[in-house]
Each structure stands twice: as structure tokens, then as C-alpha cells.
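Down below is the structure, laid out as C-alpha cells.
Whatever order the structure lists ligands and atoms in, that order sets their numbers, starting from 1. Quick note: numbers below take in every heavy atom, side chains included, and nothing from hydrogens, waters or symmetry partners.
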Amino acid sequence: MPKKRILIVEDDVDILRLLTLELQDAGYEVLPYESGMRGLSAIREAEPDLVVLDLGLPDLSGQEIARRIRRTGDTPIVILTAADELGTKVEMLNAGVDDYLAKPFHVEELVARINVQLRKRSLGATRKVGDMTIDPVRRQVFWGEDEVRLSPREYDLLAYLASQPGRVYSRKEIESNVWGENLPPSSNVVDVHIANIRGKLRDAGGYGVIRTVRGIGYALKS
Ligand code: CA
């Protein structure tokens, strides 16, 4: 199994070095960054399995980075805060942070928290995209409070688009990941399924959830 990749942004070089060594020791691949801006662009490129953010960074705060990550994805985020920054707890949770740890902390505790978050994800935690909630364990989709009843294939297709909201998936990608094969070029089965999902979402009050990108494929509105 490939190593899980953890990206850390922490401007305190000593802490950054310590965390890097300890997390490597715990079996993770670590991408350490001192700068918020650089860390943020690396997050987009490297697609880490989890991100550890120091809250107080000189250029871009950990909270702002968390908010930007949440605009396009649901990578687990653990925030490190100084004790006097605890007042921002609610704001952090609102920014979509999964967990936080106040400094000073034991590295073992951070490793334990990281393990918990990654385990949750591998079980398939319920996730929200806008007003839509997807529960991969029960394979259910809700719009607000209302369940959107989908066929198994419709569920797989919607969950696949939701794996990266905003990203455009080509028909070929959808076919090979949802149907497990490339369908004949004349087949409109993907479009038919999309139309059915749209209809069911609309019935529940969800309009414009799936975007058609002409000549390419489909994307979930992020
Ligand atoms: Ca700091």
C-alpha cells in the first residue's frame, strides 16, 4: 500500500522539522512547508491525504488556507493553535476544520488524531457538498433533510462526481470508473443517468447541481 501523504504548513522551523521526522517515523510521507501561500499551492498539486495547518502563519492564516481547501475538496484538516488562539475554535470548525490541537502538544497525540481522521475517511464518512449530503456507508443521498432515492448506478455516478466537486469528469472517465468499461461511442447511457439524477434532485429542490461541460462531460457544482 502506498504511504499516506501528509502536508504540513508550520512557520516555526523547529516544530516543522520535529513533526516531519515523527510523522515519517509513523509511516507517513511528509511534505513540509513554512509558507502558507506555498503550502496552499502544493496542496492543490500534491493532493495530500491530510493537511496539518498552523493557525498563526505570517502570510496566510491556517484558517484561510482551510477555507480555501474546503471550496474545492474535503481533505481532512487538523489545525495547530497557540493557547491564546483558542477563542477562534468556532470559526475554525465553521471553516471546515476536522480537528485541532492546542500548543504545546505531544507529537504522539497529533499522530493519534491524524490516524483517527484517516481511518474515518477510509470508512467513508458522510460528506456534504453544498446542501447535498452523501452517506457512502448507507449509500444514501439527501438534499437538505429529504432523501433523494437513486438507483445503485445513479448513486455511484453522483458519488463519483462528488469525489472532487468542481472538477470536470469526461464521459470516458465516468464510464470507466462507474460502469467499469468504455461504452460504445454511440451510447447515451451516461447522459440518461445524469438526466435521471437531475430530475430526482430537482424534485427534492436541488437545481443546477450538475453542470454540463459541452463536448467534455460533467461536473458537480462546488
Ligand atoms: Ca506560527
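Each protein N/O/S atom under 3.0 Å from the Ca ion (ligand 1) was counted, for a total of 3.
Judged purely by distance below 3.5 Å, without hydrogens or angles, the side chains of Arg198 and Thr212 pair a donor atom with an acceptor atom. A donor atom on one side chain and an acceptor atom on the other are found under 3.5 Å apart for Ser163 and Tyr169.
Annotation: salt bridge (Lys or Arg N to Asp or Glu O under 4.0 Å) contacts of Glu64 (sequence neighbours excluded): Arg67, Arg68. Qualifying ring pair (Phe, Tyr, Trp, His ring centres under 6.0 Å) partners for Tyr155, counting only residues two or more places apart in sequence or in other chains: none.
In this structure, Phe142 stands alone, with no Ile, Leu, Val, Met, Phe, Trp or Tyr side-chain heavy atom under 4.5 Å from its own, directly or through other members.
The residues Arg5 and Asp49 are annotated as not salt-bridged, no charged nitrogen and carboxylate oxygen being separated by less than 4.0 angstrom.
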